[in-house]
Protein chains: 2
Amino acid sequence: MAANILVVDDEQSIADLIEVYLKNENYDVFKFYNGRDALQCVENHNIDLAILDIMLPDIDGFSICQQIREKYNFPVIMLTAKEEEIDKITGLTLGADDYITKPFRPLELIARVKAQLRRFTKYNFLEPKQDEHLIAFSGLVLDKDTHECTLNEKNLSLTPTEFSILWVLCSNRGRVVSSEDLFHEVWGDKYFTNNNNTVMVHIRHLREKMHDSAENPKYIKTVWGVGYKIEK
Amino acid sequence: MAANILVVDDEQSIADLIEVYLKNENYDVFKFYNGRDALQCVENHNIDLAILDIMLPDIDGFSICQQIREKYNFPVIMLTAKEEEIDKITGLTLGADDYITKPFRPLELIARVKAQLRRFTKYNFLEPKQDEHLIAFSGLVLDKDTHECTLNEKNLSLTPTEFSILWVLCSNRGRVVSSEDLFHEVWGDKYFTNNNNTVMVHIRHLREKMHDSAENPKYIKTVWGVGYKIEK
DNA sequence: CTCAGAATTAAGATATTCTTAAGAATTTGA
DNA sequence: TCAAATTCTTAAGAATATCTTAATTCTGAG
């Protein structure tokens, strides 16, 4: 999943650094050292996410953010120096979706970028419907209240993690969910690691309890190179 | 699900910031820069949740929280500066349902607001009908008037706390109640700590008096990683 | 045929719950 | 009011369920 990311920082070394990290993750990077050029770029390219330093020579990141917000709808992450007054940071990040304090850890930057992109794309993720407590289709019933899952009236006695995974898969029925996305949905965005082997093992357990198999799946289907999916 | 949210912070930029985020999620925001106006607002509007800065020019957030608690029953989230000593924070947020340290991440703020609203509406749901004084099913009878509990005509002579716990479990029969929710239902929202060991020990005593066991429960069933439940 | 992605397996690590008991807090009754 | 009885809370270790890791085998796409 490629994405166009705008990076604006007057400190060239930092902008370059960020560019390296992002390109390493196969993102397309549009890098600028001042606000004016950046704003022009936004006009001419389909930007999916912006990372803005607050301190810039011409227009500050705060203003850029506001101008972006007037016309566009992609997530904005602000870069702030750690020394800044807490209250000042809070004020300056007005309108942004997230902020990162310098110095930042590369993995954290990437994680936050991914989290924001995830938020703005795909899936029903952030809770399908507000008060959806029950998912039921073709013999499978998931009940969030009782935390029970039954298949053809038989209780599968899932563990909490298993239940969560199946819930995400079911609430995105017909759609492929990557193991990475599954991981972040179930474990949260706090982890920078992306251990899809863990997900895999849980999928295995799920299939076992559902008397399902990998080679001839009745429920959880493997989509090679993409993720897992439950048919609609 | 719209909700009326009270926001109080003397720093206008921060209050405005919070307002933006909340309105973006379709909440109705009642914003004030001092405590006096805020308290008056509470009198005149059906507030569903309050976000209070601790430092305020006239009345501090801590006091506002206490005054709210005396007459109303909606969740309160406190805003604190990060530098504050942990112990001080714990003290100052006493009586609040949650707290957020500045600077906060927009997603986190929204997540916490949603969590509290969810929790609260769930509680209202948990609380059965106001004039329900008796619960009786399969040999078990709970009488709120006499505070007596009999199992197959035999009085179990429960302590007040034990009775409360069993009452909550019974009035939510078929649903898993987390130990955290149980704690707040029985002990009230005033405690910040959430010692589920206390709940656990009482559950143990309950099971003992009911001649029930953990490994093969007839009444109170443990749902791993989730909570306790009495079958419907 | 080759190889990266996926599945399987089992054991080691972690987390949650249970049990027990002691001491603190509260209530009761003289 | 004070002492005794009851009830509540805390703590620590044991038992058990769950999760993660790692090593190996298997499979499907090109």
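Proteins come first, then strands; the chains are lettered A, B, ... in the order of their sequence lines, and each starts at number 1.
- Comparing D/dT7, C/dC18, D/dT18 by their nearest atom to the side chain of B/Tyr228 picks out C/dC18.
- Regarding A/His205, its NE2 atom lies at a distance of 13 Å from the P atom of C/dA11, rounded to whole Å.
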Spell out protein contact along nucleotides 21-30 of chain D as letters: B when the base is contacted, S when just the sugar-phosphate is, - when no protein heavy atom is under 4.0 Å; keep the 5' to 3' order. BB----BS--

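- Side-chain atoms of B/Met200 lie closest to C/dT17 of the nucleotides C/dT17, D/dC19, C/dA7.
- A/Ile165 places a side-chain heavy atom less than 4.5 Å from the side chain of A/Leu182.
- Between B/Arg207 and C/dC18, a side-chain N or O to OP1/OP2 separation shorter than 4.0 Å is present.
- The backbone N or O of A/Val177 lies less than 3.5 Å from no partner atom in the side chain of A/Asp181, so there is not a single donor-acceptor pair.
- Atom-to-atom, NZ of A/Lys209 to P of D/dA17 comes out at 12 Å; the value is rounded to the nearest Å.
- The separation between B/Arg204 atom CZ and D/dC8 atom C1' is 16 Å, rounded to whole Å.
- Contact annotation: the side chain of A/Ile77 approaches that of A/Val113 to within less than 4.5 Å [non-hydrogen atoms, C-beta and beyond].
- Here A/Thr159 does not reach the OP1 or OP2 of D/dA17: none of its side-chain N or O atoms lies under 4.0 Å away.
- A sub-4.0 Å separation between OP1 or OP2 of D/dT7 and a side-chain N or O of B/His202 is absent.
- For B/Lys218, the side chain to side chain contact (heavy atoms under 4.5 Å, CB included) criterion is met by B/Asp212, not counting sequence neighbours.
- B/Tyr228 places none of its side-chain heavy atoms less than 4.5 Å from the side chain of B/Val223.
- Axis angle between the ends of the helix from C/dC1-D/dG30 to C/dA30-D/dT1, five pairs each and rounded to 10 degrees, works out to 40°.
- Rounded to whole Å, the distance from CG on B/Asp212 to P on C/dT17 is 17 Å.
- Dashed line: the shortest gap from a side-chain N or O of B/Thr222 to OP1 or OP2 of C/dT16 is not under 4.0 Å.
- Contact check on B/Glu231 versus B/Lys221 returns a salt bridge, with a Lys/Arg side-chain nitrogen under 4.0 Å from an Asp/Glu carboxylate oxygen.
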